[in-house]
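Remarks on the structure that follows.
What's counted below: heavy atoms across the whole structure, side chains too, no hydrogens, waters or symmetry copies. FYI, the numbering just counts along the sequence from 1.
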Amino acid sequence: MIGTVVSGGAGAGQTRAMSGRLTGKTALVTGAAAGIGRAVADRFAAEGARVAYADRDVAGAEAAAAASGGRAVPMDVTDEDSVAGGFAALAADGWVPDVVVVNAGVQLFGQDAEVADLDLDVWRRTHEVNLTGAFLTVKHAVRGMLGVGGGSIVFTGSPTAVRGEGAEFTAYASSKAGMHGLARTVAAAYARRGIRVNTVVPPYTETGLVSTLTADPGARAAIVGRIPMGRAGTTGDLEGVMVFLASDESAFATGATFAVDGGMTTL
Ligand SMILES: NC(=O)c1ccc[n+]([C@@H]2O[C@H](COP(=O)([O-])OP(=O)(O)OC[C@H]3O[C@@H](n4cnc5c(N)ncnc54)[C@H](O)[C@@H]3O)[C@@H](O)[C@H]2O)c1
């Protein structure tokens, strides 16, 4: 497929050529109703993939899927029956994803805290979505991929997982660090069975997840000030690396961490 898409990234407002880099792929993105997940799912569809928009926000997933010609999959990643049921419903129609983006996540602003002040319930609710949800998504993704000759799994990681960016967000940072470890572990386990697993690290990216930070000029300035390239991330910034990792162009990449964060974790 050849076409154009309006970029939401650094070149917002510009158009760029689409080239069908994912033609023939079947992708599932969790947390695809909004934010990074939606942008990635939309770009995958524009690149020719069949795309399943998985989210617990069913109306949001349906609206997003309808706009791109994809398919909505009701899925709460904390519930194994829901995850297994979503993959089973797709498989029943011949959709076995060979690309899965493990992206659904929460950050409980106003509740997450430094460790001495952190409630166990906040810790558990954060890990339930971010880490247990990732485990359940990958478990059922891998089962499907083993039956179709392999595939590519991409995690949406975090700067908080790799350095002290999450000092005030103990539960979130720990859950994202767990995701990075899970990605490496699964990559090692399946490297000889055709399944690749990589992690993308976005910086502070202005989605609904971080609206509390975005609405606070002091907090926003502080976090943007820690991004060497001097601006917040956009969802469009992440699409290119996601397409690369989903496609066969990255065929020899596994277990790796790809920072697309304006230098936040690398400079
Ligand atoms: N925004 C940032 O600054 C930033 C930075 C680094 C990493 N990330 C990561 O990127 C990912 C996406 O974040 P975002 O900023 O797009 O957030 P967002 O809040 O805009 O979107 C998150 C999506 O996940 C869905 N979701 C939440 N819990 C779910 C569940 N139990 N089951 C299924 N879906 C669920 C939500 O309904 C929503 O559609 C997250 O893993 C987040 O940790 C975000």
Side-chain angles (χ1 to χ4, degrees), residues 1-75 77 83 86-105 137-138 140-141 144-145 148 150-156 196 198 200 202 205 207-209 233-251 258 260:
M1 188 189 80
I2 307 291
T4 58
V5 69
V6 177
S7 169
Q14 297 174 351
T15 56
R16 59 178 175 253
M18 300 287 101
S19 53
R21 289 162 67 194
L22 299 180
T23 298
K25 302 288 188 191
T26 300
L28 179 143
V29 181
T30 67
I36 293 168
R38 177 165 184 179
V40 170
D42 287 350
R43 177 66 185 273
F44 283 5
E47 292 287 355
R50 297 194 296 189
V51 182
Y53 288 69
D55 207 293
R56 70 178 172 187
D57 172 1
V58 178
E62 286 176 347
S68 78
R71 171 176 177 158
V73 180
M75 184 180 290
V77 297
V83 175
F87 278 96
L90 288 171
D93 292 336
W95 285 47
V96 179
D98 52 2
V99 174
V100 171
V101 181
V102 183
N103 171 81
T137 303
V138 172
H140 292 280
M145 287 177 181
V148 294
S152 175
I153 298 172
V154 188
F155 281 57
T156 310
R196 301 184 295 108
N198 293 287
V200 170
T205 303
T207 65
L209 186 85
T234 71
T235 58
D237 291 327
L238 303 168
E239 295 171 16
V241 71
M242 289 286 191
V243 171
F244 168 70
L245 291 171
S247 78
D248 298 338
E249 295 170 39
S250 58
F258 292 79
V260 183

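- Here the CG-CZ distance, from Asp57 to Arg38, works out to 10.5 Å after rounding to the nearest 0.5 Å.
- Side-chain atoms of Thr30 come within 3.5 Å of backbone atoms of Ala104 as a donor-acceptor pair (strictly under, hydrogens ignored).
- Side chain of Ser250 to main chain of Phe244: a donor-acceptor pair is present (N/O by atom type, distance under 3.5 Å, no hydrogens or angles).
- Proximity of Phe258 to Val154: side-chain heavy atoms (C-beta onward) are nowhere separated by under 4.5 Å.
- Val29 and Gly37 get closest at one heavy-atom pair: CG1-O, 3.6 Å.
- A pairwise comparison of heavy atoms in Ala27 and Phe44 identifies CB-CD2, 3.7 Å as the closest pair.
- Note that the CG atom of Asn198 and the OG atom of Ser152 stand 6.5 Å from one another [nearest 0.5 Å].
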| Between Asp248 and Lys25, is a salt bridge (Lys or Arg N to Asp or Glu O under 4.0 Å) present by the stated rule, with each step listed? | CA-CA 10 Å; Asp248 298 338; Lys25 302 288 188 191; 2.8 Å; yes

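- Contact record, Ala72 with Ala65: N-CB, 3.5 Å, taken as the closest heavy-atom pair.
- Between Asp237 and Val260 the shortest heavy-atom distance is O-CG1, 3.5 Å.
- With sequence neighbours excluded, the residues satisfying side-chain contact (heavy atoms from CB on, under 4.5 Å) with Thr207 are Ile36, Thr205, Leu209, Val210, Thr235.
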| said: Run Leu22 and Val243 through side-chain contact (heavy atoms from CB on, under 4.5 Å) and show every step you take. | reply: CA-CA 7 Å; Leu22 299 180; Val243 171; 4.3 Å; yes

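- Here the closest non-hydrogen pair linking Gly151 and Met145 is CA-SD, 3.8 Å.
- What you find for Pro97 and Val100 is that their closest heavy atoms are CB-CG2, 3.8 Å.
- Sequence neighbours left out, the pairs with a member in residues 91-105 that pass side-chain hydrogen bond (donor to acceptor under 3.5 Å, both in side chains) are Arg71-Asp93, Asn103-Thr156.
- Side-chain atoms of Asp42 never come within 3.5 Å of backbone atoms of Ala39 as a donor-acceptor pair (strictly under, hydrogens ignored).
- The closest donor-acceptor contact from the side chain of Glu47 to the backbone of Arg21 lies under 3.5 Å.
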| task | Evaluate the side-chain contact (heavy atoms from CB on, under 4.5 Å) criterion for residues Met242 and Arg43: first the C-alpha distance (whole Å), next the side-chain angles of each, then the deciding distance (0.1 Å), finally the verdict. | result | CA-CA 9 Å; Met242 289 286 191; Arg43 177 66 185 273; over 6 Å; no

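- Expressed to the nearest 0.5 Å, how far CD of Glu62 lies from CG of Asp55 amounts to 11.0 Å.
- In this structure, CG on Leu28 lies 8.0 Å from OG1 on Thr137, to the nearest 0.5 angstrom.
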